Amino acid sequence: MTLASLPDVSPGLLARIASDIARSAGELILARRGAGVSVAATKSSQNDVVTEADRESERFIVGELRAARPDDAVLGEEGAGVAGSSGITWVVDPIDGTVNYLYDLPAYTVSVAATVSDPAACADGRRAIAGAVYNPRTRELFEAWEGGGARLDGAPIRISGKAQLATALVATGFGYSSERRAEQAAAVARLLPLARDIRRIGSASYDLCLLAAGRLDAYYEVGLKPWDYAAGVLIAREAGAALIGRDAATPPGEPGLFAADPALAETLRSIVLTG
Ligand code: LIP
């Protein structure tokens, strides 16, 4: 779907809505953090935890989006599934990096993206046209809209442009199943001797934003869900990153997402996926 087919949609306005809601939800989860947090339930495995704050944040975000954009659809990690008629679907992660949130490590975010249907953009068939990622602990607000560039706290950001793996700082993440983790550990074992170093920060949306700001040189992960990457992919793309999937025919997403300077993204993929 092209923006031309949505004449009354202003990506800049959608980005403002995403930023305001991400910041407010971020302050809410920070306040809950202060009051103490515990595991409310587990999902795909005992390590895939959810807290009451995840659920409250999602309820808050959905309420704000319904008020601001009543004809839009909403998809959320904690189960929100609101239908819409406008052609816009908001993809929401109420706390991205929930394990970090549980342990009070300062690398969790609220991620909010306005997307349209586009089978070529990402593996879930959507393309973000506006998005915001807010880290309430560091109070960093990352934002972008399609064709508008990427910003951190209002200032333009660009990727590092590092093309050589040997001096690249690479971030990645691990899934919740032990089978997938075994594969991911083998990929890290191949990569570590070849890179400057590896970081496991624990929040895909924050990883993609740090890449966009040139504070990481590359990021990749296999197994991500749309809410983990929707806004971060747009912010990284608008900052100059190449976002590629596991092969030329597969857009970035759950099957594999590699983000870096174009040359480095290809190198990374070839090392991670040979095994
Ligand atoms: C997390 C991702 C992270 C990944 C974790 C988890 P969550 O999302 O942001 O990159 O490695 O396994 O999926 O579950 O905290 O929203």
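Remember, it's 1-based here, ligands and their atoms both numbered in the order they're listed. For clarity, every value in this text was computed on a predicted model and none was experimentally measured.
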Verify whether one side chain among Thr172 and Glu221 offers a donor that lies under 3.5 Å from an acceptor in the other. no
Without hydrogens or angle criteria, can the side chains of Ser205 and Thr109 be said to hold a donor-acceptor pair below 3.5 Å?
-> yes
Tested for side-chain hydrogen bond (donor to acceptor under 3.5 Å, both in side chains) against Tyr229, the lone hit among Asp96, Asp124, Asp93 is Asp124
Requested in this report: Decide whether Val74 and Ile17 are clustered together by the hydrophobic rule: side chain heavy atoms of Ile, Leu, Val, Met, Phe, Trp, Tyr closer than 4.5 Å, transitively.
Outcome: yes
- request: Indicate yes or no: at least one non-hydrogen side-chain atom of Tyr108 is less than 4.5 angstrom from one of Arg33.
  value: yes
Ordered by chain then number, the protein residues lying under 4.0 Å from ligand 1 by heavy atom are Glu77, Asp93, Ile95, Asp96, Gly97, Thr98, Gly173, Phe174, Tyr176, Arg200, Ser203, Ala204, Tyr219, Glu221, Leu224, Asp228
Going by chain and number, the hydrophobic cluster around Trp145 (ILVMFWY, side chain to side chain under 4.5 Å) further includes none
